[in-house]
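Order of the sequence lines fixes the chain letters, A, B, ..., with proteins taken first and strands second; residue numbering starts at 1 for each chain. Every heavy atom of this structure was used, including side-chain atoms; hydrogens, water molecules and symmetry mates were not.
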Number of protein chains: 2
Amino acid sequence: MCAVKAVKRRQTNRREILLEAAARRFVEDGYAAASMRDIAGDAGMQPGSIYYHFPSKEELLVAVHEDGMRLIAEAVTAALARVDGKTPWDRLETACIAHLSVLLTGGDRIKAVMRNVPLENHPSRSNITKMRDEYEAIFARLLGDLALPKGTDLHTLRLMLLGAMNWSFTWYRAGAESPERIARKFIVMLRTQLDTGA
Amino acid sequence: MCAVKAVKRRQTNRREILLEAAARRFVEDGYAAASMRDIAGDAGMQPGSIYYHFPSKEELLVAVHEDGMRLIAEAVTAALARVDGKTPWDRLETACIAHLSVLLTGGDRIKAVMRNVPLENHPSRSNITKMRDEYEAIFARLLGDLALPKGTDLHTLRLMLLGAMNWSFTWYRAGAESPERIARKFIVMLRTQLDTGA
DNA sequence: GTCTATACTTGGATAGAC
DNA sequence: GTCTATCCAAGTATAGAC
């Protein structure tokens, strides 16, 4: 039993090291320019050895993507677990702060998610779609808990808020406004009535 | 002089055909999987011939990206030219409808813009940044014309609105809600006060 | 000036040894 | 589970035709 666990851990470690190395290369060089040889070198193994863990470069990308999505979901879930008593708007704000913070200041395993999206048609894509749907359901629930004006389109609201946040990786620069402040401003913008009727 | 024009047109056409073929392959297969040989074949030439027009695959991507951005900017500018007399909110709505419509229902030369973004570090990236800044200035101006509540953060509002719209290519499906309706809903969401104080 | 033919080089992938 | 050797597809360079 101990042996089994040891072997399992060993496997996992090597796989994790590969995921980390791949994510780094994908983020730095882009998926197309990142070579399996470079990734293998960073992970301390020979190019051919990668194929014991992943059947192809594309599958490696999918694994990196899933890994990053899982980390994001865990970060947001953990943050929400800490604010259970507050108001619905507070809970939404907490989730948005966690989402933006992990997205913008997380490591390469997180950054790789937004910068390298596997193709729509790829066979292994179904699991990614499932993960994304589950993740977005968290926000759907948070929005559903708000006391919104009658007739508010929750579906559109969710797509708008998540879209605004997810796109931020294209313009965010470290040192400028913090992810937390950005998230708070997005929420304020939604809560406020911008149309003054003037 | 006629000869010069003929040669010029010939150049342009071949280049255009290449851009079209490349955009199509980039969208269909993704940048990494699209081969120069396939692109050349679609454009009716030999693989090596591409290199007379573009020095590398990456530069071809940059050219496709710039081409698409230009088409988007032209579409929005043209739409705005047609509604000069209306209210600031109407003008903003017009721009958003045009932006989303061309983005979501435009051809491959448009789709390629969102789906294949050249790397940040790439040398030829400066022109893309310049084009994007100029394009976003259009929206900055439209937002500046609105009579917004005092203290509204125009910068955040622009990033939020454009982010929500740009991200839509990840979830939009033809046949579902039209780009025009989506754009209108986004605007309504911003104009409305979502916080009922309840 | 534009394209073809062809060769060079890198890189994804596989087979079999250890 | 990893390495070595190898294959072949694909990016790229270039010489020369027209």
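- When side chains are defined from C-beta on, B/Phe26 does not count as touching B/Lys111, because their heavy atoms never get closer than 4.5 Å.
- Atom CZ of A/Arg181 has 12 or fewer neighbouring heavy atoms from other residues, nucleotides or ligands inside a 6.0 Å radius.
- As a whole-Å value, the separation of A/Glu58 CD from C/dG11 P is 18 Å.
- Checked against the 6.0 Å centroid threshold, B/His99 and B/Tyr135 count as a close aromatic pair.
- The side chain of A/His53 approaches D/dT2 more closely than any other nucleotide in the set C/dC3, D/dT2, D/dA10.
- Note: CD1 (B/Ile17) to C1' (C/dC3) measures 14 Å, nearest angstrom.
- In this entry the distance linking CG of A/Leu18 with P of D/dC3 reads 10 Å, nearest Å.
- Remark: P of D/dC3 and CZ of A/Arg14 are 7 Å apart, rounded to the nearest angstrom.
- B/Arg37 has its CZ atom 14 Å from the P atom of C/dA5, to the nearest Å.
- Ion pairing between A/Arg91 and A/Asp145 fails under the 4.0 Å rule for side-chain N and carboxylate O.
- Comparing C/dC3, D/dG11, C/dG12 by their closest approach to the side chain of B/Tyr51 singles out D/dG11.
- In this structure, A/Ala34 reaches the sugar-phosphate backbone alone: every heavy-atom distance under 4.0 Å involves primed, P, OP1 or OP2 atoms, never a base.
- As a whole-Å value, the separation of B/Arg15 CZ from C/dG1 P is 16 Å.
- Atom CE of A/Met36 is separated from atom P of D/dC3 by 14 Å (rounded to the nearest Å).
- Contact annotation for A/Ser35: backbone-only contact, meaning every heavy-atom pair under 4.0 Å involves sugar-phosphate atoms and none involves a base.
- The closest side-chain heavy-atom distance from B/Met160 to A/Leu190 is below 4.5 Å.
- With D/dA13, C/dC3, C/dA13 as the candidates, the nucleotide lying closest to the side chain of B/Met45 is C/dC3.
- Contact annotation: A/Gln46 side-chain N/O to D/dT4 OP1/OP2 distance is under 4.0 Å.
- Taking atom CD of A/Glu59 as the reference point, atom C1' of C/dG12 lies 14 Å away to the nearest angstrom.
- Of the candidate nucleotides D/dG11, D/dC3, C/dT4, C/dT4 has the atom nearest to the side chain of B/Ser49.
- Residue contacts for B/Ala43: at a heavy-atom cut-off of 4.0 Å it reaches no nucleic acid atom on any strand shown.
- Comparing A/Gly44 and B/Pro55 by the nucleotide of DNA chain D whose heavy atom lies nearest to each, the residue mapping closer to the 5' end is A/Gly44.
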